[in-house]
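Throughout, protein chains are lettered first and strands after them, A, B, ... in sequence-line order, and every chain is numbered starting at 1. Note that this is a predicted model, so its numbers are computed, not measured.
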2 protein chains.
Amino acid sequence: MYYYSIYICPMYSKELLKGTLSAIILNLLSENKRMYGYEISQIVKELSDDKVLLKDGSLYPALQKMTKDGLVTFEEEYIGKRVRKYYTLTPKGNEEKITYLKELKDFMATLNVLVFNETKFA
Amino acid sequence: MYYYSIYICPMYSKELLKGTLSAIILNLLSENKRMYGYEISQIVKELSDDKVLLKDGSLYPALQKMTKDGLVTFEEEYIGKRVRKYYTLTPKGNEEKITYLKELKDFMATLNVLVFNETKFA
DNA sequence: AGTAATACATCACAAATCTATGTATTATAT
DNA sequence: ATATAATACATAGATTTGTGATGTATTACT
């Protein structure tokens, strides 16, 4: 027999995360060198104080796509009979991380002007 | 005969805007009381230094949805033979603006922790 | 023994925006 | 005068991303 955890509603409207998930993953892999999927979801949960709860259906496909795109590679490891896929950034993934985070930072600055009425000359 | 402007590629990856477009519109209407669609797209272009270029296909449907949801109302005005739809925030739209901007600000703080490694205790 | 947590996966679906169109008026430059 | 650019709205199909609902299986805790 197997069981399901109850579904916990994420704090933010679903759309906000869009476009930022890969940035989050890229940065975590850059900071920690080597992580597996479940570990990533737990770290994100912890760092966000349970506000960002990555779903399996978001995380694993994202990691698969990043693998296909050559941004990360993985090695399988067995903990007993249970498999873990440890992901690491490739050089291309590291470049992507740099340009993507720069773009995200810039976008957030723009948002501060558009939505929080910060002056452009700050 | 009619003509089309060339397509100018927006600076940011398309996905980043998701979930923030309505926040942008809500805030602009809150700041300016009364705006029409084309005006909104121009202000956004200007405030973002040409980095956020709202497409007709994004903006007008968004305004229509916000109207349907009771967040805004509009009045038509004719400038010569050309129509303008001036939008204003409803009380409901104003409430939505407040809660949504709060959520967005909080999300951006969370992103700073997740992506830019800010400490949680700042 | 039963439940919760760990650890992966897939797929139909929803939501939002984009791209490509369409129509029409008015201003500007040549 | 006339071609172009800017103004001002609109819709529809395609795309993208993350969700929700499943599925399978092992290990830890109570």
Side-chain angles (χ1 to χ4, degrees), chain A residues 1-25 35-46 52-69 74-87, chain B residues 1-25 35-46 52-69 74-87 100 107:
Chain A
M1 199 56 177
Y2 37 86
Y3 307 89
Y4 299 101
S5 313
I6 55 163
Y7 173 68
I8 302 165
C9 194
M11 182 164 172
Y12 302 115
S13 92
K14 306 166 194 170
E15 299 303 325
L16 283 180
L17 194 65
K18 290 206 174 175
T20 64
L21 175 55
S22 52
I24 291 171
I25 295 174
M35 298 181 85
Y36 56 99
Y38 188 79
E39 187 184 13
I40 291 174
S41 72
Q42 294 309 300
I43 291 275
V44 167
K45 179 174 143 73
E46 191 197 318
V52 178
L53 304 169
L54 297 186
K55 313 304 179 308
D56 291 2
S58 312
L59 180 61
Y60 294 115
L63 287 169
Q64 286 161 16
K65 185 174 188 306
M66 290 168 74
T67 304
K68 207 187 70 184
D69 294 343
F74 67 86
E75 297 166 1
E76 292 191 335
E77 264 181 46
Y78 278 84
I79 310 298
K81 288 182 183 176
R82 196 152 53 187
V83 74
R84 276 185 191 166
K85 290 189 174 179
Y86 276 98
Y87 288 88
Chain B
M1 199 55 177
Y2 38 84
Y3 307 89
Y4 298 101
S5 313
I6 54 161
Y7 174 69
I8 301 165
C9 194
M11 182 161 173
Y12 303 117
S13 95
K14 307 165 195 171
E15 299 304 324
L16 281 181
L17 195 66
K18 291 208 174 172
T20 64
L21 174 55
S22 53
I24 291 171
I25 295 174
M35 298 181 86
Y36 57 99
Y38 188 78
E39 188 184 12
I40 292 174
S41 71
Q42 294 309 302
I43 291 275
V44 166
K45 179 175 143 75
E46 191 197 317
V52 178
L53 304 169
L54 298 187
K55 311 306 179 306
D56 291 3
S58 311
L59 180 60
Y60 294 115
L63 287 169
Q64 287 161 16
K65 185 175 190 303
M66 290 168 77
T67 304
K68 209 188 69 185
D69 293 343
F74 67 86
E75 298 166 1
E76 291 190 336
E77 263 182 47
Y78 278 84
I79 309 298
K81 290 181 180 174
R82 198 152 53 187
V83 74
R84 277 185 191 165
K85 290 190 173 179
Y86 276 97
Y87 288 89
Y100 202 16
F107 177 70

Can you tell me how far the [atom1] atom of [X] sits from the [atom2] atom of [Y], to the nearest 0.5 Å?
X: B:Leu53; Y: B:Gln42; atom1: CG; atom2: CD; result: 9.5 Å
X: B:Thr20; Y: A:Glu15; atom1: OG1; atom2: CD; result: 10.5 Å
X: B:Glu77; Y: B:Arg84; atom1: CD; atom2: CZ; result: 8.0 Å
X: A:Ile24; Y: A:Ile40; atom1: CD1; atom2: CD1; result: 10.5 Å

In whole angstroms, how far is the [atom2] atom of [N] from the [atom1] atom of [X]?
X: A:Leu59; N: D:dT17; atom1: CG; atom2: C1'; answer: 14 Å
X: A:Lys45; N: C:dA7; atom1: NZ; atom2: P; answer: 15 Å
X: B:Gln42; N: D:dA8; atom1: CD; atom2: P; answer: 9 Å
X: B:Ile25; N: C:dA16; atom1: CD1; atom2: C1'; answer: 12 Å
X: A:Ile24; N: D:dG18; atom1: CD1; atom2: C1'; answer: 12 Å
X: B:Leu54; N: C:dA16; atom1: CG; atom2: C1'; answer: 13 Å
X: B:Leu53; N: C:dT19; atom1: CG; atom2: C1'; answer: 14 Å
X: B:Tyr38; N: C:dT26; atom1: OH; atom2: C1'; answer: 12 Å

Next item on the list: Could you tell me which residues satisfy salt bridge (Lys or Arg N to Asp or Glu O under 4.0 Å) with B:Lys85, sequence neighbours excluded, listed by chain and number?
Entry: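 Not a single residue meets the salt bridge (Lys or Arg N to Asp or Glu O under 4.0 Å) criterion with B:Lys85.
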
Check: Does the gap between the ring centers of A:Tyr86 and A:Tyr36 come in under 6.0 Å?
Finding: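 Here the rings of A:Tyr36 and A:Tyr86 have centres that are less than 6.0 Å from each other.
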
Margin query: Tell me whether the side-chain N/O atoms of A:Tyr36 come closer than 4.0 Å to OP1 or OP2 in C:dC8.
Written below: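 Result: no.
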
Item checked: Where B:Ala62 and B:Ile25 come nearest, the two heavy atoms and their spacing ->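 Nearest heavy atoms, B:Ala62 then B:Ile25: CB-CD1, 4.2 Å.
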
Next item on the list: Kindly write out the residues that satisfy ring pair (Phe, Tyr, Trp, His ring centres under 6.0 Å) with B:Tyr38, not counting sequence neighbours, or none if the list is empty.
Entry: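 In terms of ring pair (Phe, Tyr, Trp, His ring centres under 6.0 Å), with neighbours along the sequence ignored, B:Tyr38 is linked to no residue.
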
Checklist line | Any residue meeting ring pair (Phe, Tyr, Trp, His ring centres under 6.0 Å) with B:Tyr60, in chain and number order, not counting sequence neighbours | finding: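 For B:Tyr60, no residue satisfies ring pair (Phe, Tyr, Trp, His ring centres under 6.0 Å) once neighbours in sequence are set aside.
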
Next item on the list: Could you identify which residues of residues 79-86 of chain A place a heavy atom less than 4.0 Å from some atom of DNA chain C, listed by residue number, or say none?
Entry: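 A:Arg82, A:Val83, A:Arg84, A:Lys85 - these, ordered by number, are the residues of the stretch whose heavy atoms sit under 4.0 Å from the strand.
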
Under 3.5 Å, N/O pairs linking protein and nucleotides 11-14 of chain D:
residue : atom : partner : partner atom : Å
D:dT11  : OP2  : B:Gln64 : OE1          : 3.1
D:dT11  : OP2  : B:Gln64 : NE2          : 3.0

Notebook entry, point to check: Contacts to DNA chain D from residues 15-22 of chain A, heavy-atom cutoff under 4.0 Å, which residues?
Noted result: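 Within this stretch, A:Leu17, A:Lys18, A:Gly19, A:Leu21 sit under 4.0 Å of the strand.
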
